[in-house]
Amino acid sequence: MRPEGDGTVLDVVIPVYNEERDLGPCVRRLHAYLGRTFPYGFRITIADNASTDRTPEVAARLDDAFDEVTAVRLEQKGRGRALRQVWSMSGAPVLAYMDVDLSTDLNALLPLVAPLISGHSDLAIGSRLAGGARVVRGPKREFISRTYNLILRGSLAARFSDAQCGFKAIRGDVAARLLPLVEDTGWFFDTELLVLAERAGLRIHEVPVDWIDDPDSTVHLVRTATDDLKGVWRVGRALATGALPLDRLARPFGDDPRDRALAGVPGGLARQLVGFCVVGALSTLCYLGLYSLARLGMGPQPANAVALLLSAFANTAANRRLTFGVRGRDRAVRHQAQGLAVFAIGLALTSGSLAALDAASGRPGHATELAVLIVANLAATVLRFLLFRAWVFPERERGRRRAAGGTAAGGTASSVSGPDALDRAASGPAPGAGDVSFPGTAAPGFPPGRAASAPQGPTPNDISRSTR
């Protein structure tokens, strides 16, 4: 891993708001621990979230007392805002943060950052809910934490076990790509960051922690829970509508083994077949239900046409998103138009089958009609998959979309916030990872194009550094 210009490999951020009592002991204890156990250069950054007590004075004294401590003052509250701005300014290859109360035992810090330094993982989180964690806290907080975890799993299909533990780390180049997409500036920042990273296919490492609840915590549980639920709704809606450009973020660094071509094996064929079969089975059930409803008021041919038309729109949209991995609204109308052409072929097959059945038996029963339609739909499904793969969503188009997602060596990234940040260009690489390892471990180098430039830091009006 290439360290920052001053030799800093790890930048640990401590967001604080009115923590004049705990800040000094926390920073001194963390500084002593890192100086004793961490084998590379480090920095501790105090991010003061517009404190109104003596926290800025305490932070300034710590800044003067230790070369490795930097105090940063923000004029607006919000843990997410503090992390975004300080991480965006930092040039360290590995960025971390922890709560000022040090509820998490510091012995988990090296296991947290080691996979990021080696290049194995993209993010790392401490977990109070993972197997092996040792947690001391009251039943109310335990219930809230586990309930929130269940909500995330049920609504956002999250697979990480603990979104809100104040003990996380991220690679600097990964942060440069993820942070422009994260909107929240408060407590939901962590959850949104992890959900986006997981949906983009990034690797999240979990460390079971020893954690003791701080009875004097200033977190407002009801307000925080309400804000979190609002955030879950916002992110879930954005994911459902394709508003987030995750296809441009997925595997942006070009070192994923799933991107390696195998001779004689079409790219992604097995996964596409599975996805297409699942979507096809659900579409068939939907089609049969619609057909049965339509037959209550019309003949077999009109009922078949209506049911097939309605299910075709849903089938094309589902295959576009789930089977062939096309997100966003780009070319969505064109894809639906092509899907209608494929629908016309299916309509011809199923209508022809019904006409042949009617000619052969006169007045067939409803069960016979359904059986014939199932066989005809199976034939149409095989043809539909081949047309989808070769014509509607061809490999060359998917390749162009993947190429637009991340920049290779010599490519560019943006310092502009928002989804358009991934479409712009950047001037050069930021410190990457892969050139340093912990003693006794391998130190694999990152493939070309691994590093990405960090977003532009906040303006002088937003933030000011304390002077020594």
Side-chain angles (χ1 to χ4, degrees), residues 10 12-15 26 30 33-34 37-38 79-80 83 87 94-171 174-175 178 182 184 186-215 217 219 221 224-225 227-229 231-232 235 438:
L10 173 65
V12 182
V13 180
I14 303 177
C26 163
L30 177 60
Y33 177 84
L34 289 172
T37 63
F38 193 68
R79 182 177 69 173
L83 292 176
W87 279 354
V94 176
L95 309 169
Y97 94 88
M98 61 182 63
D99 291 336
V100 69
D101 56 16
L102 295 184
S103 293
T104 303
D105 187 81
L106 290 178
N107 287 326
L109 183 57
L110 289 184
L112 185 80
V113 301
L116 309 187
I117 292 177
S118 70
H120 175 270
S121 299
D122 300 296
L123 298 90
I125 64 174
S127 175
R128 299 161 296 185
L129 302 177
R134 301 165 182 169
V135 178
V136 178
R137 60 176 167 180
K140 182 173 71 172
R141 286 183 176 270
E142 182 75 12
F143 174 79
I144 292 174
S145 180
R146 293 189 178 275
T147 301
Y148 183 64
N149 183 57
L150 289 175
I151 291 174
L152 293 181
R153 289 177 178 270
S155 59
L156 300 179
R159 296 189 298 274
F160 47 84
S161 64
D162 192 349
Q164 293 288 31
C165 181
F167 196 73
K168 294 182 176 68
I170 185 172
R171 293 164 44 90
V174 175
L178 276 180
V182 180
D184 193 79
W187 293 97
F188 188 71
F189 174 90
D190 300 49
T191 302
E192 187 171 359
L193 182 75
L194 292 174
V195 169
L196 296 185
E198 192 172 74
R199 290 301 185 98
L202 301 180
R203 180 172 286 166
I204 301 175
H205 176 70
E206 293 198 7
V207 178
V209 297
D210 297 342
W211 195 86
I212 300 177
D213 187 24
D214 177 14
S217 174
V219 178
L221 293 180
T224 301
D227 292 341
D228 286 345
L229 292 177
V232 169
V235 172
F438 282 105

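Just the heavy atoms: all of them, side chains too, but no hydrogens, waters or symmetry mates, feed the values below.
- Distance alone, capped at 3.5 Å, places no donor-acceptor pair between the D99 side chain and the D101 backbone.
- In plain terms, the two heavy atoms of F188 and G231 that are nearest each other are CZ-C, 3.2 Å.
- Within the structure, the side-chain hydrogen bond (donor to acceptor under 3.5 Å, both in side chains) test picks out the following pairs touching residues 145-158 (sequence neighbours left out): R137-S145, E142-R146, Y148-T191.
- For A130, the side chain to side chain contact (heavy atoms under 4.5 Å, CB included) criterion is met by S127, S161, E206, P208, not counting sequence neighbours.
- Contact check for L30 versus L106: side-chain heavy atoms found under the 4.5 Å cut-off.
- The two atoms that bring L116 and I170 nearest to each other are CD1-N, 3.6 Å, heavy atoms only.
- Heavy atoms from other residues, nucleotides or ligands lying under 6.0 Å from CD1 of I212 number 12 at most.
- Under the 4.5 Å side-chain criterion, counting only non-hydrogen atoms from C-beta, L34 is in contact with L109.
- The main-chain N or O of H120 is found under 3.5 Å from a side-chain atom of R203 such that the two form a donor-acceptor pair.
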Are D227 and W187 close enough, and set up right, to give a side-chain contact (heavy atoms from CB on, under 4.5 Å), and what steps lead you there?
-> CA-CA 8 Å; D227 292 341; W187 293 97; 5.9 Å; no
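- For the pair K168 and L193, the minimum side-chain heavy-atom distance is 4.5 Å or more.
- R128 pairs by the salt bridge (charged side-chain N to carboxylate O under 4.0 Å, His left out) definition with D162, not counting sequence neighbours.
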Could you go step by step and tell me if L152 and F160 meet the side-chain contact (heavy atoms from CB on, under 4.5 Å) rule?
-> CA-CA 9 Å; L152 293 181; F160 47 84; 4.0 Å; yes
